[in-house]
Each structure stands twice: as C-alpha cells, then as structure tokens.
Student: 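Supplied in structure tokens, the structure appears directly below.
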Amino acid sequence: MSFDAALDKIERPERPIPSGKVKRSSAAILGTIAFSIGCFLAYQVNLTAFYIALAIVLMCLLYNGKAKHHFIAGPIVMGSCRGLNLLLGMAVLPDSLSYFYLAIVPIIYIAAVTNISRGEVYGNNKTAILVSMGAVCTCDPYFNLFCFCQ
C-alpha cells in the first residue's frame with residue numbers, strides 16, 4: 001500500500017511510489033487485490049484459515065495505518081502479523097492449532113527485530129536494541145519452560 005509515501009519521499013526517495021514510478025492509487029488497488037486473493041484462497045482451505053487471513057489483513061492495515069510509529073504498539077502489531085502467518089500455515093491441519101501458543105515465538109522475535117530496525121535509517125537505536133534484547137531474554141526461558149512442561 002502507500003501509507004508511508006510522504007516519509008519515503010524523504011528517507012527512501014528511490015522507492016517506486018516516492019520516485020513516481022508507481023501511483024499511490026495503483027499501489028492501493030494492488031494491495032486490495034492481493035489481500036482479497038489471499039483471503040479467498042484461505043477460504044478454499046477452511047473457515048478457520050479464512051478467519052486467520054482476515055485477521056492478518058486487519059493487523060497489516062492497523063500496523064501501516066496507525067501502529068507503525070507507536071513505540072509499543074508498532075512492534076507488537078508487526079509481531080502479531082507474523083504470528084498469525086504461522087497460525088495460517090498451521091490451519092491447513094486444524095488439529096495442529098492446539099499448539100497455537102507456538103505463535104508467541106515469531107511475535108516476540110519479530111517485535112524485537114521491528115523495534116531494533118526503527119533506527120536503521122538514522123542509526124542511534126541503542127535503547128531499542130537493549131529493550132528488544134531484554135524482552136527476548138526475559139520471555140525465552142518462560143516459553144521454553146511452558147513448552148517442555150506440557
């Protein structure tokens with residue numbers, strides 16, 4: 001989609017939308033078509049996959065529309081997108097969804113990576129790195145304990 005066209009014009013002017021190679025309206029149409037096809041294909045698998053695909057679409061729109069620039073919500077929403085992607089793959093075998101808690105791994109990992117990447121254009125993201133390392137190191141032992149005690 002084209003949510004960050006104004007920011008990309010400053011930080012990444014070589015990208016297709018800010019450079020004028022692709023119109024914002026064309027990007028929005030393509031994004032809508034891609035989301036629709038993804039949901040349709042998920043529906044062909046089963047209803048659970050369809051609902052998970054809808055949740056992915058909503059989280060993607062939430063991330064790009066609002067959460068991306070929020071210190072806490074941004075990384076969590078992006079991590080949720082990835083956790084839902086894992087659940088979508090698991091939905092092919094519905095019984096595997098009883099292990100839904102495995103989605104916490106990509107949620108935490110991607111939230112940490114997203115948090116760290118915030119300073120990639122300008123650097124100076126030491127705080128983000130420390131917060132992310134703290135979150136991963138704090139959550140990892142508890143997750144391992146939870147998984148192995150079942």
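Note that the numbering runs from 1 along the sequence shown for the chain. Predicted model only: the values in this text are computed from it and were never measured.
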Student: With side chains defined as the heavy atoms from C-beta onward, is the minimum distance between Ser36 and Thr32 less than 4.5 Å?
Tutor: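 The answer is yes; the side chains approach within 4.5 Å.
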Student: Which residue pairs pass the salt bridge (charged side-chain N to carboxylate O under 4.0 Å, His left out) test with at least one member in residues 33-61, sequence neighbours excluded?
Tutor: none
Student: If you look only at pairs with a residue in residues 83-97, which of them pass as a salt bridge (charged side-chain N to carboxylate O under 4.0 Å, His left out), with sequence neighbours excluded?
Tutor: none
Student: Which atom pair, heavy atoms only, marks the closest approach of Pro106 to Gly83?
Tutor: CG-CA, 3.9 Å
Student: Working note: Phe35 + Leu61, criterion side-chain contact (heavy atoms from CB on, under 4.5 Å); need CA distance, chi angles, decisive distance, verdict.
Tutor: CA-CA 10 Å; Phe35 280 149; Leu61 293 173; 3.9 Å; yes
Student: Between Asn46 (side chain) and Pro94 (backbone), is there a donor-acceptor pair under 3.5 Å?
Tutor: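 Judged by distance alone, no pair lies under 3.5 Å.
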Student: Whether the side chain of Ser96 engages the backbone of Met90 through a donor-acceptor N/O pair (distance < 3.5 Å, no angle test) should be reported.
Tutor: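 Side chain of Ser96 to backbone of Met90: a pair is present.
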Student: Specify the closest pair of heavy atoms between Leu87 and Ile52, including all atoms of both residues, with the distance to one decimal.
Tutor: O-CD1, 3.7 Å
Student: Do Leu93 and Leu102 share a hydrophobic cluster (ILVMFWY, side-chain heavy atoms under 4.5 Å, transitive)?
Tutor: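 No, Leu93 does not connect to Leu102 through the hydrophobic network.
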Student: Hey, what do you get for CD1 (Ile104) to CG (Leu86), rounding to the nearest 0.5 Å?
Tutor: 11.5 Å
Student: Just verifying a value: how many Å separate Ser25 OG and Ile17 CD1, rounded to the nearest 0.5 Å?
Tutor: 9.5 Å
Student: With sequence neighbours left out, write down each residue that passes side-chain contact (heavy atoms from CB on, under 4.5 Å) with Ser19, or none if nothing qualifies.
Tutor: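 Ser19 satisfies side-chain contact (heavy atoms from CB on, under 4.5 Å) with Lys21 once adjacent residues are dropped.
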Student: Going by salt bridge (charged side-chain N to carboxylate O under 4.0 Å, His left out), name the pairs with one or both residues in residues 63-80, residues two or more places apart or in two chains.
Tutor: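 Passing the test, one end in residues 63-80: Asp4-Lys68.
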Student: Do side-chain atoms of Ser26 reach the backbone of Val22 as a donor and acceptor pair under 3.5 angstrom?
Tutor: no
Student: Applying side-chain contact (heavy atoms from CB on, under 4.5 Å), can you list everything that pairs with Val77, at least two apart in sequence or on another chain?
Tutor: Met59, Leu62, Tyr63, Ala67
Student: Let me check something: do Phe40 and Leu58 share a hydrophobic cluster, defined by ILVMFWY side-chain heavy atoms less than 4.5 Å apart, either directly or through other members?
Tutor: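 In one cluster: no.
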Student: Looking at Ala42 and Leu88, what are the two nearest heavy atoms and their distance?
Tutor: CB-CD1, 4.3 Å
Student: Mind checking the SG-CD spacing from Cys39 to Gln44? Nearest 0.5 Å is all I need.
Tutor: 12.0 Å
Student: Connecting only ILVMFWY residues whose side-chain heavy atoms lie within less than 4.5 Å of each other, what is the rest of Tyr51's hydrophobic cluster?
Tutor: Tyr43, Leu47, Phe50, Leu54
Student: Shortest non-hydrogen contact from Ser98 to Tyr101?
Tutor: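 Heavy atoms only, the tightest pair is O-CE2, 3.9 Å.
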Student: If hydrophobic clusters are built from ILVMFWY residues whose side chains come within less than 4.5 Å, do Val92 and Leu41 share one?
Tutor: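 Hydrophobic grouping puts Val92 apart from Leu41.
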Student: Return the CD1 to SG distance between Ile76 and Cys81, rounded to the nearest 0.5 Å.
Tutor: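 Nearest 0.5 Å value for the CD1-SG distance: 12.5 Å.
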